[in-house]
2 protein chains.
Amino acid sequence: MSTAGESGKGVGGLSTAKRRPGRRPGSADTRGEIIIAARKIFSEKGFDKATIRGIAREAGVDPALVHHYFDTKDGIFVAALQLPVEPAKVVPLILAGPREEVGERLVRFVLTMTADPEAREPVIALMRSAMTNEQVVVMIREFLTAAVLNRVVEALGIPPVNMEVAFAQVFGVILMRYVLRLEPLASIEVEELVQIVAPTIQRYLGGD
Amino acid sequence: MSTAGESGKGVGGLSTAKRRPGRRPGSADTRGEIIIAARKIFSEKGFDKATIRGIAREAGVDPALVHHYFDTKDGIFVAALQLPVEPAKVVPLILAGPREEVGERLVRFVLTMTADPEAREPVIALMRSAMTNEQVVVMIREFLTAAVLNRVVEALGIPPVNMEVAFAQVFGVILMRYVLRLEPLASIEVEELVQIVAPTIQRYLGGD
């Protein structure tokens, strides 16, 4: 899917090239510059209205270089916000397999992933920002809708509100387990929790 | 749901009596002084270790006066954090009635209550504080467990984790409806949402 010229290969190394104004070729900190630019653009415009071209302009680089490093707008967003997974890659894996087990696959994936603090912390940090910053709310809502919720809704042919309520259940469990740390929820094994929550998600997504 | 003793009526009026050091009788701002003291004590000690005596000492008043205004420790907590309901009064109402409809009663109550911005905002403000302040986390967790979750768990004889996951579902829906404002979840009628979410809560609380 990469549209970038592979000619940029190797430029992201350990060179200590200094910043220069204007368009830069792939200097050592180009990837970092693009990420800083992306955070600004996503925050100002939200996810839907942000473009790779606009991010490239902000970073002072060629759009092809942004494609080279991040492939898609989803990819830049995930990198800029340090999200643990790229939905475009993960959602199809969760949806593959028997429809009657989709709830279990989804819950097991999310709970296993968030059991790792390094995967979980950026997600919680983002929710923390959303609680106090309306720009972050818009950015998250648009990304979540376009990159996660709509993909599942379309693939499974379910009402959008069902997917939103399923998301609310899974996200609520993560908040209560890792932020409020209610016991026994905070200490229970992932697999035991999967058995409790999966039937709920299956009911919302199963399409019965 | 007023939390103050109704006998305190009139005392909290518009008088501009100045603060005085030391123990005060029921002056115009005594109730306010107790609330300020309660916020400090709950924040420092959490809910479980806070006492009416300690709050009274902090406020420089007699403990009987704290009882007079707020009745119980639950009552002071609800008033200090401007919570919309006092769980000791609401939980029994939700639990009364047919067991096979407890999920529907609970979801309808919470969604109806939080449809009112004045009831909802203090709850969201508290969650906002919890996301960034560990003292608030402890305070909320202890109050929620003692005043809400344990009451339901004991009355219904269900595993505590079931109630925690049910709470996660309902709270998650409120977050997605009013903070992230996902559509169509943010605009759907309360009664339609009750029909979608109630079977989930019934499965967790039904004890089948």
Side-chain angles (χ1 to χ4, degrees), chain A residues 107 124-134 136-145 148-150 153 158-189 192-193 195-204, chain B residues 107 124-134 136-145 148-150 153 158-189 192-193 195-204:
Chain A
V107 174
I124 290 174
L126 200 54
M127 190 65 208
R128 189 174 286 136
S129 306
M131 296 295 289
T132 53
N133 185 329
E134 182 59 23
V136 176
V137 166
V138 172
M139 181 177 80
I140 297 177
R141 180 175 61 228
E142 291 181 352
F143 174 74
L144 188 64
T145 302
V148 183
L149 306 180
N150 283 356
V153 162
I158 55 171
V161 70
N162 277 35
M163 183 57 203
E164 292 166 357
V165 170
F167 181 79
Q169 169 71 92
V170 174
F171 195 80
V173 165
I174 292 168
L175 275 187
M176 297 308 149
R177 184 167 162 88
Y178 294 112
V179 177
L180 271 197
R181 298 191 304 286
L182 297 176
E183 290 293 355
L185 180 57
S187 304
I188 197 173
E189 293 293 326
E192 195 178 343
L193 194 48
Q195 297 309 318
I196 295 168
V197 179
T200 293
I201 306 307
Q202 184 63 33
R203 190 173 71 78
Y204 294 137
Chain B
V107 174
I124 290 172
L126 200 54
M127 191 65 208
R128 190 173 286 136
S129 307
M131 295 295 288
T132 52
N133 185 329
E134 182 58 24
V136 176
V137 166
V138 172
M139 181 176 79
I140 297 177
R141 179 175 62 229
E142 292 181 352
F143 174 75
L144 188 64
T145 302
V148 183
L149 306 179
N150 283 356
V153 163
I158 55 171
V161 70
N162 277 36
M163 182 57 203
E164 291 166 358
V165 170
F167 181 79
Q169 169 73 90
V170 174
F171 195 80
V173 165
I174 293 168
L175 276 186
M176 297 309 148
R177 184 167 163 89
Y178 294 112
V179 177
L180 272 197
R181 299 190 304 284
L182 298 176
E183 290 294 353
L185 181 56
S187 304
I188 197 174
E189 293 292 326
E192 195 178 343
L193 195 47
Q195 298 308 317
I196 295 167
V197 179
T200 293
I201 306 307
Q202 184 64 32
R203 189 173 71 79
Y204 294 137

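So that the names make sense, note that chain A is the first sequence line, chain B the second, and so on, each numbered from 1.
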Toward chain A, the part of B:I124 with a non-hydrogen atom under 4.5 Å: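 Both backbone and side chain of B:I124 come within 4.5 Å of chain A.
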task: Flag the one option from B:I140, B:V197, B:N162 with the top tally of heavy-atom pairs under 4.5 Å to chain A.
output: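 Most heavy-atom pairs within the cutoff with chain A belong to B:V197.
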task: May I ask you to say whether A:R181 pairs ionically with B:E134, meaning some side-chain N is under 4.0 Å from a carboxylate O?
output: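 Judged by the 4.0 Å cut-off on N to carboxylate O distance, A:R181 and B:E134 do form a salt bridge.
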Check whether any side-chain heavy atom of [X] sits under 4.5 Å from a side-chain heavy atom of [Y], and report yes or no.
{"X": "B:V165", "Y": "A:M176", "result": "no"}
{"X": "B:P160", "Y": "A:E183", "result": "no"}
{"X": "B:M131", "Y": "A:M131", "result": "yes"}

Which heavy atom of [X] sits nearest a heavy atom of [Y], and at what distance?
{"X": "B:M127", "Y": "A:L175", "result": "CE-CD1, 3.9 Å"}
{"X": "A:Q169", "Y": "B:T200", "result": "OE1-CG2, 3.9 Å"}
{"X": "B:L182", "Y": "A:R141", "result": "CD2-CG, 3.7 Å"}
{"X": "B:V179", "Y": "A:A130", "result": "CG1-O, 4.2 Å"}

Give, as side chain, backbone, both or neither, the part of [X] having an atom under 4.5 angstrom from any heavy atom of chain B.
{"X": "A:L193", "answer": "side chain"}
{"X": "A:P199", "answer": "both"}
{"X": "A:I188", "answer": "side chain"}

query: How far does CZ of B:F167 sit from CG of A:L180, to the nearest 0.5 angstrom?
result: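 Interatomic distance, B:F167 CZ to A:L180 CG, rounded to 0.5 Å: 7.0 Å.
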- prompt: Is a side-chain donor-acceptor pair under 3.5 Å present for A:R128 with B:T132?
  reply: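 Checked: B:T132/A:R128 side chains show no N/O donor-acceptor pair below 3.5 Å.
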